[in-house]
Amino acid sequence: MDWELKGQGAANVVFGYAGDDPSLRGHVLRVRKATAHVASPIDQLVWAGVVEANDGCAVSRELSYIQGVMAPLMGSKYVFPGSPIPLPESLLPLLAPAGADHAHGGKDNGAEVHSTAAPPAGEAFPALLMPDHTTLKAGKAPAGFVGVGPTVCFEMKPKWGLTPGQGVGELPPLPPLPPGGAEGAAAEEERAPKAPAPGSPLLRYPRFMLHMLAKHVEKGSPLSYYNPLDLFSGERGRTRAALRALLQAPSNNLVVFVDGAPTFGVNKKQAAAGAQKRKAQEQLVKAACEAAEAAAAADDALAEAAAGGAELAANGLPLPEVATEAVAAPGDESKKGSGSEAEAEASRAALEKLTEVLKPLVAGAAGEGQAAAEVEGPGPAVGPVLEAVVSLVAEALLREGVLSQVVAVQGMDPVGPEGAVALYQRLQRGVQSGELPLPHPGAPTPTPGPAWQPLLGALRSYLQSATAKDCGVMVTMQRAERAPGASEGTEEQAGGDAAQEAEAQAGRPWIGLLRMPGDGSGSGTGAEEGPCWLYKVALVDLDVKAAAKVGRHAELARELEAVALAHTGLLERYAAEAGWEAPPVEVEVAEGVAAAGDE
């Protein structure tokens with residue numbers, strides 16, 4: 001079997017290539033689930049003339065959005081949209097509904113592989129072939145260098161990097177309501193965005209902090225010192241502090257891969273589900289192969305796989321060697337999951353295991369120069385090995401400057417969630433009244449008239465901002481050595497910006513050279529002596545967001561505000577320990593009341 005299951009999300013299943021074809025080595029196949037979101041008529045109107053799709057094909061639509069809309073904004077050098085290809089026949093048994101059900105004995109807590117074997121009309125290419133960013137196998141090392149030792153990848157979800165209050169704007173001019181449509185003050189009030197009141201927690205605290213508080217209060221999840229504003233700051237000390245905080249409490253925002261396998265940041269439930277999923281797949285593949293060799297019916301093969309899956313479920317499965325997530329828990333220590341001795345010990349054990357795994361990556365560099373020097377930011381240090389790794393990841397991010405591009409796209413939102421809801425509602429009324437013609441299957445999507453363009457442009461900017469707020473950043477590294485017999489050349493020639501750009505322009509994943517900063521200058525290159533590393537930075541999860549979700553975005557903002565107002569004391573303690581100083585609440589003086597000292 002050339003493809004093996006690597007993971008899956010709400011919309012896609014990902015398979016890693018395990019065969020011998022050198023052109024496919026280091027690649028993954030991203031297969032869209034039949035249950036994934038399909039563009040609604042309003043989605044098609046919003047992106048008419050901007051995003052193209054072949055006969056409604058969801059994969060070509062996604063490819064057009066990533067390649068034509070997000071890549072130019074985020075940096076084409078860091079975005080790898082993938083190439084559409086037909087689904088390999090060998091994967092059909094793994095994706096068939098019967099196969100998934102038999103392999104898992106029915107649903108397995110949401111871990112089953114959903115069907116994509118029968119794509120909708122027009123889905124001639126339901127799969128995308130793209131580089132596996134957890135390794136460097138798909139790229140070409142800089143001339144004169146080879147990678148040695150383990151390949152380590154930090155996959156991060158940076159989240160909301162805007163300052164509190166940013167992203168709350170005003171509506172563009174809206175087309176007038178049609179005759180017979182909703183009229184009066186009530187309709188006008190519905191159209192207006194509802195900005196947070198002065199002093200609202202939404203205007204005083206980072207959005208990620210409010211999310212963590214809500215999860216802590218509602219589910220007992222641990223709090224975290226991580227602040228996206230530190231990661232996006234462009235300052236070396238703050239960037240390292242953010243990465244260190246992610247190691248101390250990865251939650252769903254950090255997974256560390258070693259040689260392509262998740263090694264840290266996977267919680268126990270995810271690890272168990274992953275192990276069950278992989279074992280079930282192995283049983284299914286074995287059954288399918290045996291059935292093919294014996295020319296048996298497909299039903300017999302699936303039955304055999306089902307028997308194997310039932311035996312696995314009955315006897316239990318050994319879990320992989322995965323360091324489950326660590327926790328850092330400022331604030332209310334009485335809350336479940338917020339810092340008990342058992343959790344603190346689990347956190348230490350997870351970090352110790354990760355330290356041992358990552359030692360070969362930074363051997364000879366840990367504790368030297370700036371790597372393990374002064375620890376800035378809240379929270380304890382993570383030891384010289386992990387501090388060295390943190391320094392490397394931070395240096396790669398700072399050298400590339402990719403996070404400044406991500407936060408710039410996040411800041412494109414001109415209206416905020418409440419404003420986006422008003423825009424969406426106006427589009428709905430336009431469709432219901434017939435002002436906006438609905439697209440028909442097989443026909444080009446009609447382009448709305450000029451009066452609608454400011455509204456559509458604002459909603460598109462909001463949705464692009466939402467994509468950037470939910471994207472992933474992957475930094476992949478491997479120790480580098482001079483290749484035997486390689487001619488001497490400067491590192492800038494081998495792995496500098498020009499060489500990287502040349503690879504990117506050719507459609508290949510680029511690989512650069514990185515050194516630990518030793519002089520504090522911020523150059524990220526240093527002298528050509530001592531250890532150096534191969535590295536790559538990539539942006540992932542750049543899918544288009546459904547316009548219908550804007551209502552949920554506004555609802556979530558209101559929920560976060562309500563939880564924060566109900567737990568003001570806890571929020572203030574949490575913020576203080578996380579190093580965040582909220583601006584004071586401005587008290588408005590009533591008109592006509594003289595301030596003291598005016599008389």
Side-chain angles (χ1 to χ4, degrees), residues 9-12 36-40 42-48 50-51 58 61-75 78-79 81 156-172 193-196 202 206-208 210-211 214 228-229 231-232 252-253 402-428 455-473 539-561:
N12 299 282
H37 166 74
V38 177
S40 69
I42 288 185
D43 286 322
Q44 296 177 48
L45 287 172
V46 168
W47 295 105
V50 179
V51 171
R61 181 181 180 83
E62 175 187 327
L63 188 62
S64 174
Y65 177 76
I66 295 174
Q67 195 168 37
V69 176
M70 296 308 298
L73 292 171
M74 309 281 267
Y78 310 106
V79 179
M156 298 160 279
K157 282 279 190 179
K159 294 301 182 180
W160 191 302
L162 303 177
T163 56
Q166 191 177 354
V168 178
E170 299 180 356
L171 285 180
K194 302 172 181 62
L202 296 174
R207 188 62 59 96
F208 181 81
L210 299 180
H211 274 280
L229 275 68
L231 190 68
F232 285 103
N252 293 322
N253 303 103
V402 63
L403 292 179
S404 64
Q405 293 167 268
V406 174
V407 78
V409 180
Q410 291 185 2
M412 288 174 54
D413 170 17
V415 295
E418 295 285 355
V421 170
L423 299 178
Y424 183 74
Q425 290 173 339
R426 183 65 186 92
L427 281 178
Q428 284 183 309
L455 182 156
L456 293 169
L459 189 53
R460 282 196 295 266
S461 293
Y462 174 86
L463 295 173
Q464 290 167 249
S465 170
T467 294
K469 290 168 185 170
D470 198 38
C471 76
V473 180
L539 297 174
V540 296
D541 301 333
L542 297 175
D543 302 344
V544 63
K545 301 299 181 183
K549 293 291 183 70
V550 298
R552 175 55 189 153
H553 297 172
E555 181 183 354
L556 178 59
R558 293 191 289 269
E559 291 173 359
L560 295 178
E561 184 179 39

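Bear in mind that the values here come from a model prediction, so they are computed numbers and not experimental data.
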Heavy-atom closest contact ([X] atom, [Y] atom, distance):
X	Y	answer
V46	L456	CA-CD2, 3.9 Å
W160	K469	CH2-NZ, 3.5 Å
V415	A420	CG2-N, 3.6 Å
C471	P158	O-CD, 3.5 Å
L423	L459	CD1-N, 3.8 Å

What residues, two or more places apart in sequence or in another chain, satisfy side chain to side chain contact (heavy atoms under 4.5 Å, CB included) together with Q67? L63, P81

Which pairs would a plain distance check flag for residues 548-556, meaning a side-chain donor or acceptor within less than 3.5 Å of a matching protein atom at least two apart in sequence or in another chain?
from: R552; atom 1: NH1; to: E559; atom 2: OE2; distance (Å): 3.1
from: R552; atom 1: NH2; to: E559; atom 2: OE1; distance (Å): 3.4
from: H553; atom 1: ND1; to: Y462; atom 2: OH; distance (Å): 2.8

Is there a side chain to side chain contact (heavy atoms under 4.5 Å, CB included) between V473 and L403? Walk through the geometry before answering. CA-CA 9 Å; V473 180; L403 292 179; 4.0 Å; yes

Determine whether [X] and [Y] make a side-chain contact, defined as any pair of heavy atoms from C-beta on separated by less than 4.5 Å.
X	Y	result
Q464	L73	yes
D543	N12	yes
R207	L202	yes

Check: residues 405-412 side-chain donor-acceptor pairs under 3.5 Å, at least two apart:
from: Q405; atom 1: NE2; to: M74; atom 2: O; distance (Å): 3.1
from: Q410; atom 1: OE1; to: G161; atom 2: N; distance (Å): 2.8
from: Q410; atom 1: NE2; to: K159; atom 2: O; distance (Å): 3.0
from: Q410; atom 1: NE2; to: A468; atom 2: O; distance (Å): 3.2

Output the distance between atom [atom1] ([X]) and atom [atom2] ([Y]), rounded to the nearest 0.5 Å.
X	Y	atom1	atom2	result
T467	K545	OG1	NZ	5.5 Å
Y78	L542	OH	CG	14.0 Å
L455	L45	CG	CG	11.0 Å

With sequence neighbours excluded, residues passing ring pair (Phe, Tyr, Trp, His ring centres under 6.0 Å) with F208: Y226

Residues in ring pair (Phe, Tyr, Trp, His ring centres under 6.0 Å) with Y65, at least two apart? W47

Criterion side chain to side chain donor-acceptor pair (under 3.5 Å) against K157, the qualifying member of D541, N252, N253: D541

Using the test salt bridge (Lys or Arg N to Asp or Glu O under 4.0 Å), find all partners of D43 that sit at least two apart in sequence or belong to another chain. none

